[in-house]
Q: 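Once you've had a glance at the structure underneath, I'll fire off some questions.
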Amino acid sequence: MPDPVRLLVASRNPKKLAELRRVLDAAAVEGIELVGLDEVPEYPETPETGATFEENALIKARDGAAATGLACVADDSGIAVDALNGMPGVLSARWSGRHGEDEANTSLLLAQLADVPDERRGAGFVSACALVLPNGTETVTRGEWRGVVARERAGGGGFGYDPVFVPDGGDRSAAELSPQEKDAASHRGIALRALVPAIAALR
Ligand SMILES: O=P(O)(O)OP(=O)(O)OP(=O)(O)OC[C@H]1O[C@@H](n2cnc3c(O)ncnc32)[C@H](O)[C@@H]1O
Ligand SMILES: [Mg+2]
């Protein structure tokens, strides 16, 4: 058996990282070893200031591939709310001002939508996943998960806006789904599964 190909999974969000690993593991691509950012020397990271999810995912994956010489996969994601003309979008992680403050971000979104009636609370989680190879080859995929923004939080699973996002076709929030249920339907699950053929081709 040849040595496994090492694939860097570039995310600083432990809960998102766990989802990335779960979906890639479930795809059971043999001969690929997933490597986390804590297993490679630290490298400077370009700010995620792209105008689109695709640009930001590429920023993260290009940094990882260039710094380590490994193939690198990265996700950039967020929630696009219809009544806010697609915002927070690429600003989802820092909607309340600071990067990664889930509680404050969710509270602000609920407050902004307080007067929006039930029939206009549609939203979509969006994920762009990028795979960048050391030779410069780039592949980007996208997934979307439609639902509505609830009026209050429910559930303790997931992360980010999950407690206030109720996916279409059910009445539970994303934070009330099992990890497997979330992976099967989610934006990131869709985008990552679309990337699997390109990952399998690394071997
Ligand atoms: O950039 P990395 O290090 O991967 O981790 P991050 O958490 O900063 O991730 P993003 O920059 O892509 O920001 C995505 C934000 O969108 C939200 N988000 C994305 N996917 C989500 C999901 O599945 N459930 C809930 N919120 C999600 C969440 O608030 C994240 O902070
Ligand atoms: Mg980020």
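Ligands are counted one by one from 1 in listed order, and the atoms in each one are counted from 1 as well. Remember, predicted model here, so these are calculated numbers, not experimental data.
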Q: Could you tell me whether Arg62 and Glu138 make a salt bridge, using a distance below 4.0 angstrom between a side-chain N and a carboxylate O?
A: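 A salt bridge is present here (some side-chain N lies under 4.0 Å from a carboxylate O).
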
Q: Are any side-chain N or O atoms of Arg193 and backbone N or O atoms of Ala184, one a donor and one an acceptor, separated by less than 3.5 Å?
A: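 Side chain of Arg193 to backbone of Ala184, a donor-acceptor pair under 3.5 Å: yes, one is there.
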
Q: Among the heavy atoms of Asp76, does any lie under 4.0 Å from an atom of ligand 1?
A: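 Yes, that is the case, since the closest heavy atom of the residue is under 4.0 Å from the ligand.
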
Q: Of Asp75, Asp76, Thr141, which is the lone residue that meets side-chain hydrogen bond (donor to acceptor under 3.5 Å, both in side chains) with Ser127?
A: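 Of the listed options, the one satisfying the test is Asp75.
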
Q: Is the closest side-chain donor-acceptor distance between Thr106 and Arg153 under 3.5 Å?
A: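 Short answer, no.
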
Q: Does ligand 1 have an atom under 4.0 Å from some heavy atom of Gly78?
A: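 Gly78 counts as a contact of ligand 1 under the 4.0 Å cut-off.
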
Q: Can you name the atoms of ligand 1, numbered from 1 with element, that are less than 4.0 Å from a heavy atom of Ser92?
A: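 Ligand 1 atoms under the 4.0 Å threshold to Ser92: 16 (O).
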
Q: Identify the protein heavy atom lying closest to atom 3 (O) of ligand 1, giving its residue, its atom name and the separation to 0.1 Å.
A: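 Minimum-distance protein heavy atom for atom 3 (O) of ligand 1 reads Arg12 N, 2.7 Å.
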
Q: Within the distance-only criterion (no hydrogens, no angle test), does the side chain of Asp183 pair as donor or acceptor with the backbone N or O of Gln180 below 3.5 angstrom?
A: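 Between the backbone of Gln180 and the side chain of Asp183 there is no qualifying donor-acceptor contact (under 3.5 Å).
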
Q: Considering non-hydrogen atoms of the protein only, which is the closest contact for atom 20 (N) of ligand 1, and what is the distance?
A: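 Going by distance alone, atom 20 (N) of ligand 1 is nearest to His187 NE2, 3.2 Å.
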
Q: In Glu48, which N, O or S atom comes closest to the Mg ion (ligand 2)?
A: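 Distance check against the Mg ion (ligand 2) picks out OE1 in Glu48.
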
Q: Using every non-hydrogen atom in the two residues, find where Ser11 and Leu20 come nearest and quote the distance to one decimal.
A: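 Residues Ser11 and Leu20, closest heavy atoms: CB-CD1, 4.0 Å.
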
Q: Looking only at protein heavy atoms, which one is nearest to atom 8 (O) of ligand 1, and what is the separation?
A: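 Checked against all protein heavy atoms, atom 8 (O) of ligand 1 sits closest to His99 NE2, 2.6 Å.
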
Q: Counting only N and O atoms by type, is there a donor-acceptor contact under 3.5 Å from the side chain of Arg203 to the main-chain atoms of Ala200?
A: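 Flag set: sc Arg203 to bb Ala200 pair under 3.5 Å.
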
Q: Do me a favour and list the nearest non-hydrogen protein atom to atom 1 (O) of ligand 1 with residue, atom name and distance?
A: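 Of every protein heavy atom, Lys60 NZ, 2.7 Å lies nearest to atom 1 (O) of ligand 1.
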
Q: Is the Phe125 ring parallel, tilted or perpendicular to the His187 ring (thresholds 30°, 60°)?
A: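 Rings of Phe125 and His187: parallel, under 30°.
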
Q: So which heavy atom in the protein is nearest atom 17 (C) of ligand 1, and how far is it from that ligand atom?
A: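 In this structure, atom 17 (C) of ligand 1 has Tyr161 CD1, 3.8 Å as its nearest protein heavy atom.
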
Q: Taking ring pair (Phe, Tyr, Trp, His ring centres under 6.0 Å) as the definition, give me every residue that meets it alongside Phe53, ordered by chain and number, with sequence neighbours left out.
A: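 Partners of Phe53 under the ring pair (Phe, Tyr, Trp, His ring centres under 6.0 Å) test: none.
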
Q: Under 3.5 Å, N or O to N or O, is Glu19 touching ligand 1 that way?
A: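 For ligand 1, there is no N or O atom that lies under 3.5 Å from one belonging to Glu19.
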
Q: Counting from 1, what ligand 1 atoms have a heavy atom of Arg188 closer than 4.0 Å?
A: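 Every atom of ligand 1 under 4.0 Å from some heavy atom of Arg188: 20 (N), 21 (C), 22 (C), 23 (O).
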
Q: Where is the nearest protein heavy atom to atom 10 (P) of ligand 1: which residue, which atom, and how far?
A: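 The closest heavy atom on the protein side is Lys16 NZ, 3.5 Å.
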
Q: Which of the N/O/S atoms in His99 sits closest to the Mg ion (ligand 2)?
A: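 Distance check against the Mg ion (ligand 2) picks out NE2 in His99.
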
Q: Not counting sequence neighbours, which residues clear ring pair (Phe, Tyr, Trp, His ring centres under 6.0 Å) with Tyr161? List them please.
A: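 Result, ring pair (Phe, Tyr, Trp, His ring centres under 6.0 Å) vs Tyr161: none returned.
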
Q: What residue and heavy atom of the protein are closest to atom 19 (C) of ligand 1, and at what distance?
A: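 Ranking protein heavy atoms by distance from atom 19 (C) of ligand 1, first comes Ser77 OG, 3.1 Å.
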
Q: Just to confirm my output: which protein heavy-atom neighbour is closest to atom 13 (O) of ligand 1, and how far is it?
A: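 Ranking protein heavy atoms by distance from atom 13 (O) of ligand 1, first comes Ala93 CB, 3.3 Å.
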
